[in-house]
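Please read all numbers here as calculations on a predicted model, not as lab measurements. In what follows, every heavy atom counts, from backbone to side chain, and hydrogens, waters and symmetry copies are set aside. Throughout, protein chains are lettered first and strands after them, A, B, ... in sequence-line order, and every chain is numbered starting at 1.
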Number of protein chains: 2
Amino acid sequence: MSSVTIPTPDLAPRMRAEQRRELILEAATSVFGERGYVGTTTDAVARAAGVSQPYVVRMFGTKERLFLEVLQRALDRLLATFRAAIADPTPFVGADDTLGRRMGRAYAELLLDRGLLLSLMHSFLLGADPAIGAAARAGFLQVYRVLREEAGFSATETDQFLAHGMMMNTMVGLRMADEYVGGDLCAKDLLETAMPQKLDVLLRTSAENKPA
Amino acid sequence: MSSVTIPTPDLAPRMRAEQRRELILEAATSVFGERGYVGTTTDAVARAAGVSQPYVVRMFGTKERLFLEVLQRALDRLLATFRAAIADPTPFVGADDTLGRRMGRAYAELLLDRGLLLSLMHSFLLGADPAIGAAARAGFLQVYRVLREEAGFSATETDQFLAHGMMMNTMVGLRMADEYVGGDLCAKDLLETAMPQKLDVLLRTSAENKPA
DNA sequence: GTCTATAGGGCGATAGAC
DNA sequence: GTCTATCGCCCTATAGAC
């Protein structure tokens, strides 16, 4: 079985390369989320992905383009998650089961991939950057349109929804769960109110990434 | 009038130094808010303050200590603003005049100094950093306590208040007002709902800092 | 397609003059 | 107290071998 049915030499590397590309994007999402755009080195991304630093740069051109791809990928997942909740055919049961609640739960699920929402969040603070700022604004407005036009939220509902999303992102970025497990009573109140029924998710992401 | 009543040579430089210190902190707040902690160079701060780069480092020891001082100063102003609104003796008139509304307006006033809230916001995304993360969490919890214990907000009211604060910060960080003045209809809806009665403030800060 | 080696530039911090 | 000059590190990106 040494020379039998080897996948075509033309295709096999290409597929592995695309796997590597996805692997790098995933690693980059995590590192960018933790340290921000400027604070992230291409070497840190490379080490997290298990490849060499120049390979990361080769594959994406520049660090900025890598970050923009991370943002696009995060936005795609966010929109897909919202659209899945909107398209969910399960009938609503009880007053507590609304589309808003379902979307909120779907959003909180995304927090499991902490880097995803934090990378977006970091981009939201870089509005002054020509390329990143433009992409971030366009992405945020795209989310707004989906909430208004596809989920049918009113302007006020959308504002509430987005505000609490930003609040949750902030709690994750602050690693506020560390204070919660540390026993701080205010942190307890704060998190239990800000992240209803999703504290378990937050605490899980906190426990996972202790050695960061 | 060449040698008459010169301010004591021991005191005069010290006072000027403290003025310089405040000047540098103000400049640093602006630059940190715009580019974040890592994205800010001590040289950019120095140029914004009109002093030399080594002087900035000399005065604050390290860039990290400078940022921590910027954070403390921003937090102090934020808390002072809240406490002023809480202590305001003006009687409430009408159902629209509540402490929550007054605090919201007070917060929005702070947006005039854009760097102040954005520097804080940047710190909220650096929870993984040992020194900055710890300071950011402590600061956020201090704000929480003032809202609960001094303003008398309930857990839910505090959550709403903070969530909308994070939302406003995000709109400022995104420079979303640029899309507003650019004529984007969604940005118009979004901002008019997210920043009720305070759009003028946002647009003013947008117009000011065009050449950044 | 992926690596090692390294160039090139920028930044934080120090030394030392005034 | 404030500056000029500069060191030494780190980081992005390129060159080139395999």
Side-chain angles (χ1 to χ4, degrees), chain A residues 6-28 30-32 34-70 122 126 129-132, chain B residues 6-28 30-32 34-71 119 122 126 129-132:
Chain A
I6 295 172
T8 73
D10 288 330
L11 248 80
R14 191 172 306 174
M15 291 191 65
R16 271 187 239 115
E18 276 175 24
Q19 282 176 325
R20 287 240 202 241
R21 187 185 179 83
E22 189 56 31
L23 194 73
I24 292 172
L25 281 171
E26 206 167 322
S30 171
V31 183
F32 277 129
E34 179 141 348
R35 318 217 176 169
Y37 170 61
V38 192
T40 293
T41 67
T42 55
D43 189 55
V45 172
R47 270 184 278 110
V51 297
S52 69
Q53 180 267 332
Y55 186 51
V56 172
V57 176
R58 268 294 170 104
M59 180 161 273
F60 294 93
T62 66
K63 176 174 138 176
E64 185 179 73
R65 275 215 274 271
L66 169 60
F67 187 62
L68 290 173
E69 284 220 34
V70 164
H122 270 112
L126 297 179
D129 181 282
I132 295 172
Chain B
I6 295 175
T8 73
D10 289 328
L11 248 82
R14 191 173 305 178
M15 291 193 64
R16 272 188 241 115
E18 275 174 26
Q19 281 176 326
R20 288 241 200 238
R21 188 184 178 83
E22 189 56 32
L23 194 73
I24 292 172
L25 280 171
E26 205 167 322
S30 172
V31 183
F32 278 129
E34 177 143 348
R35 319 218 175 166
Y37 171 61
V38 192
T40 293
T41 67
T42 54
D43 188 55
V45 172
R47 270 183 279 112
V51 298
S52 70
Q53 179 268 332
Y55 186 51
V56 172
V57 176
R58 268 293 171 102
M59 180 160 274
F60 294 92
T62 64
K63 177 174 134 175
E64 185 178 74
R65 276 214 272 272
L66 170 60
F67 187 60
L68 290 173
E69 285 220 33
V70 164
L71 288 185
S119 289
H122 270 113
L126 296 181
D129 182 282
I132 296 172

### Query
Can you tell me how far C1' of D:dC10 sits from CZ of A:R47, to the nearest Å?
12 Å
### Task
Let me know the distance between CD1 of B:I24 and C1' of D:dG1, rounded to the nearest Å.
11 Å
### Message
Distance check needed: D:dC11 P versus A:D43 CG, whole Å only.
### Response
7 Å
### Message
Test: salt bridge (Lys or Arg N to Asp or Glu O under 4.0 Å). Region: residues 61-70 of chain B. Which pairs qualify, not counting sequence neighbours?
### Response
B:R21-B:E69
### Query
Roughly how far, to the nearest 0.5 Å, is CG of B:L66 from CD1 of B:I24?
8.0 Å
### Task
Round to the nearest Å and state the distance from B:K63 atom NZ to C:dG10 atom P.
16 Å
### Query
Partners of B:V57 by side-chain contact (heavy atoms from CB on, under 4.5 Å), sequence neighbours excluded?
B:T42, B:Q53
### Query
Rounded to whole angstrom units, what separation is found between the CE atom of A:M59 and the P atom of D:dT12?
18 Å
### Message
Checking A:E26 now: which residues fulfil side-chain contact (heavy atoms from CB on, under 4.5 Å) with it, not counting sequence neighbours?
### Response
A:R73
Please write out each protein N/O paired with an N/O of nucleotides 3-9 of chain C under 3.5 Å, distance rounded to 0.1 Å.
| unit_1 | atom_1 | unit_2 | atom_2 | d |
| --- | --- | --- | --- | --- |
| C:dC3 | OP2 | A:S52 | N | 3.1 |
| C:dC3 | OP2 | A:S52 | OG | 2.9 |

### Task
Whole angstrom is fine here: how far is it from CZ in A:F60 over to P in D:dT12?
15 Å
### Summary
Rounded to whole Å, CG of A:L66 lies from P of D:dC11 at a distance of 16 Å
#### Entry: Pairs satisfying salt bridge (Lys or Arg N to Asp or Glu O under 4.0 Å), at least one member in residues 38-54 of chain A, at least two apart
A:D43-A:R47
### Query
Mind checking what makes side-chain contact (heavy atoms from CB on, under 4.5 Å) contact with B:S119, not counting sequence neighbours?
B:T29, B:F32, B:V70
